[in-house]
Amino acid sequence: MKSMQQQPQHHLPLDLSVDLPLDLDEAVHRCLVAGFDGTTGVPDTLKRLIERGLGGVILFTRNVRDADQVRRLTDELRALRPDLLVAIDNEGGGIGHLVAAGAPEVPGSYALGVVDDPDLTARCADALAGHLASLGITVSYAPVADLQHHPANPIVRTRSFGADPELAARHLRAWITATEARGIASCAKHFPGHGGTVTDSHHEMAVDPRSYDEIRADVEPFRAAVAAGVPMLMSAHVVYPALDPERPATLSRRILGDLLRHDLGFEGVLVSDALEMKAIADRYGEAAGARLALAAGADQVIVAVPDLATTLACRDAVIGALRDGMLAEERVREAAGRVRKLAERYAGVVEEGAVAPWEAGAGLDAARRAVRGGSAGSGGGAVSPPGRGAYVLDLFPPPHPALNWGGEDLLSAVRALDPTASGMALNEAPVDPAALAEGVLRWAAGVPLVVATSDAGLYPWQAELRAALAAGRGDAVLVDTGLPDSGASSGSLCSYGRGRVNLRALAEVLVGGA
């Protein structure tokens, strides 16, 4: 979408707030988090929203050119109002909105769970949080508290610490504590858990059909996060018929009120996942989603699209609901009060250049320790490295457009250590898989063959190519950069993620050392 700098003025929604009491108008704006376009200068529409009390902004790759530019941008935003919250998704792994700004490279959470060293998780979280502090970013929409236990789940996977609630709880505590020590607000997501679905809520409404007793296990990591003092939680755009058969969690009073506030005792800020995700936008629309989410118990709603007209439409829907009595004034004031309290605690930033150093090598250390043969917890099977001069075929899905997974490839990582290596990186199904397999066997004749897949259980074309090549070359080294699937060999080399450091660690093993 176009940014508002490029939108003709008559396309803006009608401002319905002219006769609201000033404090209530400010409270409505506190409940909004807005995305915007550009790396320099704040759009006039965004300036007006900030002046009227906008709770926060969310940055994406589109807002990042380099570290100095990001710091200038956050300084400019906060000069408009010092208590503005500046947020970003900052999970590590393949989600790399701040790569151009020199972000520390850490593996995704699943690799940290495989290593199962909470101190190491804390070191990685500290590096990410320290970097945010240096950029003037005060809110990190991380860590992921979802459990990954459904093999067909398309969206959680290596973003999760694993399937075990107790393991996830250990690492959530470590992550949250380290982030808090840096003065950055962490946010556990996506309550009450997205790991039991087979649908990506970015694309359509997801449903978790399990029983209440089964879902309770997914809630436990969030309970641990609350006990650890996490200041924010993010809701899931998922329907849980056992909890509320009618509304997704983001719009459900039963889930946000009865379960989260009453059962878990969470008193911090509950923020919705982005309203433009298809699970909400296609069924309810962003504007109605904003109204319903706040009525259900959310304190802030994220409108991440850069077109600020969508944010204004959400704002006006909330104001209209206040006027019509569909949304209680007390609910909006309560939500805004929680946001103000959060801002008082976290909106202050460390002076540029005054941030204590972080451990730049923590992420590579973690990624190296996570690499192993066989399944997680096997202790690492022995995989003979192919050595130098290998032919590497790296198969992986295209980057996720919403999460900005970077699309880095294993071949490039191997060639950085061994320029004699050759091969191909492929992120879409080939037109003729059989012909490609024949070609790879021909091109790799006389040299070691490495065949890497990423979540092949979700992408049959990867599994098909892997099987054909393994049949033609019994000595091929099989690599998995996602979660191992049922068709993978027990001797496959696994990284449990394909962030930059995951691929570097794999390359070191394949080449035989750095």
Side-chain angles (χ1 to χ4, degrees), residues 92-94 105-121 123-124 144 147-149 151 156-164 166-168 170-171 174 361-387 390 392-396 408-411 413-414 416-418 448-458 462-463 466 470 474-514:
E105 295 182 359
V106 306
S109 294
Y110 203 95
L112 296 174
V114 167
V115 177
D116 197 12
D117 179 350
D119 289 338
L120 181 58
T121 294
R123 287 158 54 198
C124 290
V144 169
L147 297 179
Q148 171 54 42
H149 47 62
V156 174
R157 308 193 71 77
T158 58
R159 300 168 66 197
S160 165
F161 287 110
D164 180 1
E166 293 183 2
L167 178 145
R170 285 195 296 276
H171 292 274
L364 184 55
D365 182 18
R368 285 168 172 160
R369 290 173 60 184
V371 174
R372 59 195 65 201
S375 60
S378 68
V383 176
S384 299
V392 178
L393 178 65
D394 186 20
L395 309 175
F396 57 100
E408 298 86 0
D409 66 87
L410 180 60
L411 174 60
V414 169
L417 302 178
D418 173 20
L449 173 61
V450 176
V451 181
T453 55
S454 180
D455 292 329
L458 300 182
Q462 294 186 35
R466 178 182 62 196
D475 63 341
V477 175
L478 303 183
V479 175
D480 203 318
T481 63
L483 296 184
D485 62 282
S486 59
S489 165
S490 61
S492 295
L493 192 67
C494 302
S495 64
Y496 303 100
R498 56 179 302 118
R500 292 175 185 268
V501 284
N502 297 109
L503 299 182
R504 164 75 187 206
L506 277 175
E508 291 176 355
V509 173
L510 292 170
V511 174

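Worth saying up front: this structure is predicted, and the values here are computed from it rather than measured. Basis for what follows: all heavy atoms, side chains included, without hydrogens, waters or symmetry-related copies.
Atom CG of Leu449 is separated from atom CG of Leu478 by 8.5 Å, given to the nearest 0.5 angstrom. Interatomic distance, Asp480 CG to Thr453 OG1, rounded to the nearest 0.5 Å: 4.0 Å. Here the CG atom belonging to Asp485 is positioned 8.5 Å from the CG atom belonging to Asp455, to the nearest 0.5 angstrom. Annotation: the span from His171 atom NE2 to Tyr110 atom OH amounts to 12.0 Å, rounded to 0.5 Å. Note that the CG atom of Leu167 and the CZ atom of Phe161 stand 8.5 Å from one another [nearest 0.5 Å].
Closest approach of His149 to Pro151, counting heavy atoms only: O-CD, 3.7 Å. Closest approach of Val106 to Val501, counting heavy atoms only: C-CG2, 3.5 Å. Between Ser495 and Ala111, the closest heavy-atom pair is O-CB, 4.0 Å. Heavy atoms only, all atoms of each residue included: Val114 and Ala370 are closest at CG1-O, 4.0 Å. The two residues Ala452 and Asp394 make their nearest non-hydrogen contact at CB-OD1, 3.6 Å. Nearest heavy-atom pair, Ala456 versus Arg466, reported as atom, atom and distance to 0.1 Å: CB-NH1, 3.8 Å.
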CA sep, side-chain torsions, deciding dist, call: Arg170, Asp116, side-chain contact (heavy atoms from CB on, under 4.5 Å): CA-CA 9 Å; Arg170 285 195 296 276; Asp116 197 12; 2.9 Å; yes
Verdict with supporting geometry, Asn502 and Thr481, side-chain contact (heavy atoms from CB on, under 4.5 Å): CA-CA 8 Å; Asn502 297 109; Thr481 63; over 6 Å; no
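Arg498 places no side-chain N or O within donor-acceptor distance of the main-chain N or O of Gly482, the cut-off being under 3.5 Å. Listed for the Gln462 side chain is a donor-acceptor partner under 3.5 Å among the backbone atoms of Ser454.
Between Leu510 and the options Leu417, Val414, Val371, Asp418, a side chain to side chain contact (heavy atoms under 4.5 Å, CB included) holds for only Val414.
Evaluation of the salt bridge (Lys or Arg N to Asp or Glu O under 4.0 Å) rule for Asp164 yields no partner, not counting sequence neighbours. With sequence neighbours excluded, the residues forming a side chain to side chain contact (heavy atoms under 4.5 Å, CB included) with Ala366 are Pro107, Leu112, Leu120, Cys124, listed by chain and number.
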